Number of protein chains: 2
Amino acid sequence: MTLRVLGVDPGLTRCGIGVVDIERNRRATMVAVGVVGTSADQTLDKRLLVIAEAIDEWLDRHEPDVVAVERVFSQLNVSTVMGVAQASGVVIAAAARRGIPVALHTPSEVKAAVTGSGTANKDAVTKLVTKILRLDAPPKPADAADALALALTHAWRAGNGMGASGGSSGAGSLTPAQKAWADAEAKARRAR
Amino acid sequence: MTLRVLGVDPGLTRCGIGVVDIERNRRATMVAVGVVGTSADQTLDKRLLVIAEAIDEWLDRHEPDVVAVERVFSQLNVSTVMGVAQASGVVIAAAARRGIPVALHTPSEVKAAVTGSGTANKDAVTKLVTKILRLDAPPKPADAADALALALTHAWRAGNGMGASGGSSGAGSLTPAQKAWADAEAKARRAR
């Protein structure tokens with residue numbers, strides 16, 4: 001059984017999108033990766049429309065089992081955080097419209113899952129993503145690598161994604177540790 | 001000629017929506033008002049879906065000429081600002097999908113337009129909105145009154161909305177002061 005996760009690193013200027021297939025033995029294969037970019041010269045409505053249309057296209061084309069989105073915090077750079085949050089809202093609603101479960105992961109969760117350290121830098125994340133997915137070259141820009149890292153994080157943290165969506169289906173196949181992760185994650189998702 | 005403006009005071013817990021028709025002589029009539037509410041017990045994706053479906057329904061039913069949304073600032077209460085921004089992103093993208101122009105107005109612009117003072121309190125805004133729209137009772141909750149106030153603000157600031165969408169059509173019918181407002185507004189809309 002393969003779990004297909006679409007990861008999104010939201011943003012107005014660069015929105016990274018990556019699709020990964022993860023097998024039950026944790027082996028991961030990249031399906032697609034890309035970055036949707038919009039210019040600050042465009043109005044906000046046009047920028048959000050570009051992102052909305054892109055995410056719709058990716059969801060339709062790749063039909064992921066779950067969408068993993070970076071959790072946005074207000075402590076980020078204040079000049080860009082509003083746009084990041086607005087873009088993430090559009091992405092989350094697009095998945096919800098299709099009935100696709102959405103999971104949110106913090107940057108430190110992603111770093112920890114991929115590199116083993118919650119304080120790793122972007123280069124380390126990109127390097128490990130490249131290695132894990134057996135890519136010939138590092139995904140660029142960093143937003144693309146981050147989107148793939150989010151997808152990997154989601155599948156691994158939730159015990160290969162079985163029961164990851166907060167429901168109880170499949171949870172019986174998890175180890176106690178995986179079950180604890182899945183429960184903690186479901187709890188985090190319920191919090192605003 | 002009548003301009004129909006749909007105003008939105010975005011939020012996850014309460015999202016105010018109000019529709020107003022404004023005649024060229026600035027006389028305004030309420031078409032509809034409501035509040036879409038979601039519970040913090042729901043997951044973020046479900047909450048954004050409820051808002052997305054509601055705004056779609058309102059846009060389809062009322063076919064506004066323009067959508068006016070409160071501009072979100074990161075200085076707001078950090079525990080709720082991310083949800084407000086995500087909801088606003090969903091609303092703005094929904095309008096953009098339909099090709100409906102979107103305008104953003106700050107809370108102080110709204111207060112100034114409706115009450116004459118940029119520092120007026122919520123009660124004053126509600127009171128004036130009730131009077132301006134000749135309503136029998138004040139719209140409740142405050143989010144509903146705010147949505148109507150946003151719609152009024154947009155129409156009035158842009159010189160009854162002619163040429164309000166950043167285009168030049170109809171701008172010739174504006175007084176120099178109205179033209180200046182419309183230009184400033186178009187400029188503000190281009191900024192992130």
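Just so it is clear: chains get the letters A, B, ... in the order the sequence lines come, proteins before strands, and each one is counted from 1. As the structure is a computational prediction, the values presented were derived from the model and not from experiment.
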Could you state whether [X] and [Y] fall into the same hydrophobic cluster, counting links through intermediate Ile, Leu, Val, Met, Phe, Trp or Tyr residues with side-chain heavy atoms under 4.5 angstrom apart?
{"X": "B/W58", "Y": "B/L104", "answer": "yes"}
{"X": "B/L48", "Y": "B/L59", "answer": "yes"}
{"X": "A/V36", "Y": "A/L49", "answer": "no"}
{"X": "B/V67", "Y": "B/V35", "answer": "no"}

- [ ] Using a cut-off of 6.0 Å, state whether more than 12 heavy atoms not belonging to A/R98 lie near its atom CZ.
- [x] yes
Task: Closest approach of A/A93 to B/V90 (non-hydrogen atoms, all atoms of both residues) - done: CB-CG2, 3.7 Å
Open item on the list: Between B/D56 and A/R97 (salt bridge meaning N to carboxylate O under 4.0 Å), is one present in this structure?
Closed with: yes
Task: A/I92 vs B/L44 side-chain heavy atoms within contact, under 4.5 Å - done: yes
- [ ] State, with a plain yes or no, whether a side-chain heavy atom of B/Q86 is found less than 4.5 Å away from one of A/M82.
- [x] no
Task: Under 4.5 Å from a heavy atom of chain B, the part of A/A95 involved - done: neither
